[in-house]
Amino acid sequence: MPTQNSRDAIKAWIKSQALKLGFADCGFLSVNHELFAQQTERLRTWLSWDLHGSLVFLKENHHLRANPSLLVAGAKTIISVRMDYLQTSPKLRTIEDNSRPNHAIIARYARGRDYHKTMRQKLKALAKIIENELPNWHGLGVGAENAFVFRPFSDSAPIFERAIGEAVGLGWTGKHTLLINRHGGSFFNLGELFVSLTLCDDNVSIPVKNLCGSCSACINICPTNAIIAPHTLDAGACISYLTIEHKGVIDIKYRKAIGNRIFGCDDCQLICPWNKFAKLASVPDYQARHGLDDISLLDIWGWSEDEFLAKTEGSPLRRTGYMGLMRNVAIALGNSQPTDRQAVLSVLQDKLGLNHLLDEHILWAMGELTR
Ligand code: B12
Ligand code: SF4
Ligand code: SF4
């Protein structure tokens, strides 16, 4: 309940409720902020450099990106939130994942429940809590008397989530292009709740100092050299793109560098000094399912399509489909260091002939293991 008749008190109250729901932080931005037009221009420039691989959705709906009020009729304010997802603290400034070449490395955000669901469910809960409080805000000049409109998003619409998070003070954009919070590192997801309350003036944002300084650890560690300049990602070369978003054959030039990463990649974050401040998740949703934080490549390779469907229900891993995941595991097996090579060659051979795309990667892996 707000203690003062002011927008600041309402925002502070909303933030306290967001923290209770498990969000690590929250901030507020007008839907009419000038950053949307600026970011749309930057996006167009980046697209003109042809660094987006097959992410064609980034070319669409620029009118919505530039005018987020068109996404939700009546929305006035974007409540931007971040949620920590780590289950264990990784060893500082080290890519421990590389020391287990026979293990499957799945990006840390993706080992449990799909964050899109968690974030949107929690944001909806926040909207309901706000809605219950509206009668107490009548007459405060925020529009609480009008019909309440809201809509939650998390990686689910053409929205500049990182830029919004930065503008509301949740962090700065690191050279790897992800948002970093000085007290919480970068291992978090972003989400937004659009609401019809007027809580901010149009062009107000909270400046956050960029603390990357002269560091370039993320640029140097990236296995595929995908960070081609500070704040500029060649998305088509990023292992996250190659193993999750890319549907076809993975170019041979990336296969060695992919190592044992079968779904996403955390290297540029693992090496970042600011992740010594990364916090563990406060909600159970990100807890690893089916041992996905400690599973061998051969175990996953042994999954049938039915097992894949059963074990990835409600998980981000569904996104690749069975053949996509097996394609990635085949590459990783080609990069593995098995004690019994013959056994691995034999199980690789077992899946030959199932699918044209998979065959190409199995044959590559068999070639690598027999070199
Ligand atoms: C497309 C996408 C990808 C693509 C491209 C990533 C990218 N950096 O563009 C791929 C598939 C590669 C990807 C990978 C990952 N992603 Co992603 N992805 C997105 C998505 C859907 C859109 C991002 C986008 O618009 N990219 C296009 C580029 C052009 O936009 P941009 O980074 O904002 O680029 C701007 C900057 O370059 C800026 N700029 C240019 N010069 C300068 C200079 C300065 C000083 C600054 C500050 C900015 C700046 O202008 C550009 C144009 O706007 C967002 C969700 C969303 N709706 O926002 C999630 C999102 C960014 N991804 C996320 C995550 C977690 C990841 C991974 C860590 C997953 C993983 N572990 O595998 C990796 C990290 C890879 C990396 N280094 O970025 C989180 C990031 C959370 C955070 N802490 O920031 C998001 C926000 C999803 C979410 N809701 O949680 N992702
Ligand atoms: S996620 Fe991996 S491949 Fe992508 S930019 Fe970061 S280190 Fe490079
Ligand atoms: S590794 Fe260094 S340059 Fe990269 S985001 Fe972290 S602090 Fe910035």
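First listed ligand is number 1; within each ligand, the first listed atom is number 1. In this chain, residues are counted from 1 in sequence order.
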Counting only heavy atoms on the protein side, is anything nearer than 4.0 Å to atom 16 (N) of ligand 1?
no
So is R108 in contact with ligand 1, going by heavy-atom distances below 4.0 Å?
no
Does the side chain of N275 come under 3.5 Å of the side chain of S186 through a donor N or O and an acceptor N or O?
yes
Does the protein put a heavy atom less than 4.0 Å from atom 71 (N) of ligand 1?
yes
Near I180 (heavy-atom distance under 4.0 Å), the atoms of ligand 3 are 5 (S)
Can you tell whether the side chains of D201 and R7 come within less than 4.0 Å, N to carboxylate O?
yes
What part of T173, side chain, backbone, both or neither, has a heavy atom within less than 4.0 angstrom of ligand 1?
side chain
Give me the residue, atom name and distance of the protein heavy atom closest to atom 84 (O) of ligand 1.
L179 N, 2.8 Å
What's the shortest distance from atom 32 (O) of ligand 1 to any protein heavy atom, and which residue and atom give it?
R162 NE, 3.7 Å
How does L233 reach ligand 1, if at all, at less than 4.0 Å between non-hydrogen atoms: by side chain, backbone, both, or neither?
side chain
Could you identify the single nearest non-hydrogen protein atom to atom 13 (C) of ligand 1 and state the distance to 0.1 Å?
S240 OG, 4.1 Å
Interatomic distance, F150 atom CZ to L197 atom CG [nearest 0.5 angstrom]:
11.5 Å
I'd like to check atom 61 (C) of ligand 1 in this structure: does the protein have a heavy atom lying under 4.0 Å from it?
no
Looking at ligand 1, does any of its N/O atoms fall within less than 3.5 Å of an N/O of A107?
no
Is the shortest N/O to N/O distance between G191 and ligand 1 below 3.5 Å?
no
Is atom NZ of K256 surrounded by more than 12 heavy atoms (other residues, nucleotides or ligands) closer than 6.0 Å?
yes
Identify whether the distance between the nearest side-chain nitrogen and carboxylate oxygen of R319 and E245 falls below 4.0 Å.
yes
Lys NZ or Arg CZ of R65 over F160 ring: under 6.0 Å, within 45°
yes
Looking at atom 37 (O) of ligand 1, would you say a protein heavy atom lies below 4.0 Å from it?
yes
I'd like the name of whichever of L190, I164, N189, D267 reaches closest to atom 65 (C) of ligand 1 through any heavy atom.
N189
If you draw the axis of the six-membered ring of F188, does the NZ or CZ of R82 fall within 45° of it and under 6.0 Å from the ring centre?
yes
When you check the side-chain N and O atoms of T173 and R162, is any donor under 3.5 Å from an acceptor?
yes
Between side-chain atoms of residues 46-55 and protein atoms elsewhere (two or more places apart, or another chain), which donor-acceptor pairs fall under 3.5 Å?
unit_1 : atom_1 : unit_2 : atom_2 : d
W46    : NE1    : L233   : O      : 3.0
S48    : OG     : T45    : O      : 2.5
S54    : OG     : Y241   : OH     : 2.8

heavy-atom search around atom 24 (C) of ligand 1 in the protein gives L58 CD2, 4.1 Å
Any protein heavy-atom neighbour for atom 76 (C) of ligand 1 (distance below 4.0 angstrom)?
yes
Which heavy atom of the protein is the closest neighbour of atom 80 (C) of ligand 1, given with residue, atom name and distance?
L178 CD2, 3.5 Å
Tell me whether the NZ or CZ atom of R182 lies within the 45° cone about the ring axis of W274 and under 6.0 Å from its centre.
no
Contact partition for D266 relative to ligand 1, non-hydrogen atoms under 4.0 Å
side chain
Just by distance, no angles: are the side chains of H103 and D294 close enough, under 3.5 Å, to form a donor-acceptor pair?
yes
Kindly say whether the aromatic ring centers of Y286 and Y115 come within a distance under 6.0 Å.
no
With rounding to the nearest 0.5 Å, note down the distance linking CD1 in I206 to CG in L29.
9.5 Å
Right, does atom 44 (C) of ligand 1 have protein non-hydrogen atoms nearer than 4.0 Å?
yes
Cation over ring, K351 on W301, under 6.0 Å and within 45°?
yes
Heavy-atom proximity to atom 4 (C) of ligand 1 ranks first, among T45, L170, I227, L55, for L55
Closest approach of any protein heavy atom to atom 39 (N) of ligand 1, naming residue and atom
R42 NH1, 3.4 Å
SB check D285 K122 (cutoff 4.0 Å):
no
Below 3.5 angstrom, do we get any N/O pair linking E161 and ligand 1?
yes
Can an N or O of R65 be found at a distance shorter than 3.5 Å from an N or O of ligand 1?
no
Around atom 5 (S) of ligand 2, find the nearest protein heavy atom and jot down its residue, atom name and distance.
L233 CD1, 3.5 Å
Honestly, for W172 the part within reach of ligand 1 (heavy atoms, under 4.0 Å) is neither
Scan side-chain atoms only and decide if R113 and T118 contain a donor-acceptor pair under the 3.5 Å cut-off.
yes
Tell me every residue that passes side chain to side chain donor-acceptor pair (under 3.5 Å) with T77, counting only those two or more places apart in sequence or in another chain.
none
Every N, O or S from the protein that is nearer than 2.8 Å to atom 2 (Fe) of ligand 2
C265 SG
Purely on distance, is any nitrogen or oxygen of H176 under 3.5 Å from one on ligand 1?
yes
Ionic contact status for D25 with K15, cut-off 4.0 Å:
yes
Of all protein heavy atoms, the one nearest atom 81 (C) of ligand 1 is F188 O, 3.3 Å
For ligand 1, is Y115 a contact, meaning one of its heavy atoms is under 4.0 Å away?
yes
Applying a 4.0 Å heavy-atom criterion (strictly less than), which segment of C268 is in contact with ligand 1: side chain, backbone, both, or neither?
side chain
In Å and rounded to the nearest 0.5 Å, what is the CG to OG1 distance from L292 to T312?
9.5 Å
For I159, atoms of ligand 1 separated by under 4.0 Å from a heavy atom
56 (C), 57 (N), 58 (O)
Ligand-residue contact atoms, ligand 1 with S186, heavy atoms, under 4.0 Å
83 (N)
Option among D84, D293, D97 that satisfies the salt bridge (charged side-chain N to carboxylate O under 4.0 Å, His left out) test with R108
D97
If you measure every N/O of E245 against every N/O of ligand 1, is any gap under 3.5 Å?
no
Does E166 reach ligand 1 with a nitrogen or oxygen that is under 3.5 Å from one of the ligand's nitrogen or oxygen atoms?
no
Any donor and acceptor pair, going by atom type alone, linking the side chain of T177 with main-chain N or O of G174 inside 3.5 Å?
no
Report the part of M119 in contact with ligand 1, treating N, CA, C, O as backbone and CB onward as side chain, heavy atoms under 4.0 Å; options are side chain, backbone, both, neither.
neither
Protein-side N, O or S atoms sitting under 2.8 Å from atom 2 (Fe) of ligand 3 are C215 SG
Below 3.5 Å, N or O to N or O, backbone or side chain included: is there any such pair between A235 and ligand 1?
no
Give the minimum heavy-atom separation between I105 and R111, together with the two atoms involved.
CG2-NH2, 4.5 Å
Any nitrogen or oxygen of H231 lying under 3.5 Å from a nitrogen or oxygen in ligand 1? Just yes or no.
yes
Closest non-hydrogen protein atom to atom 18 (N) of ligand 1, residue and atom name please, with distance?
D155 OD2, 4.7 Å
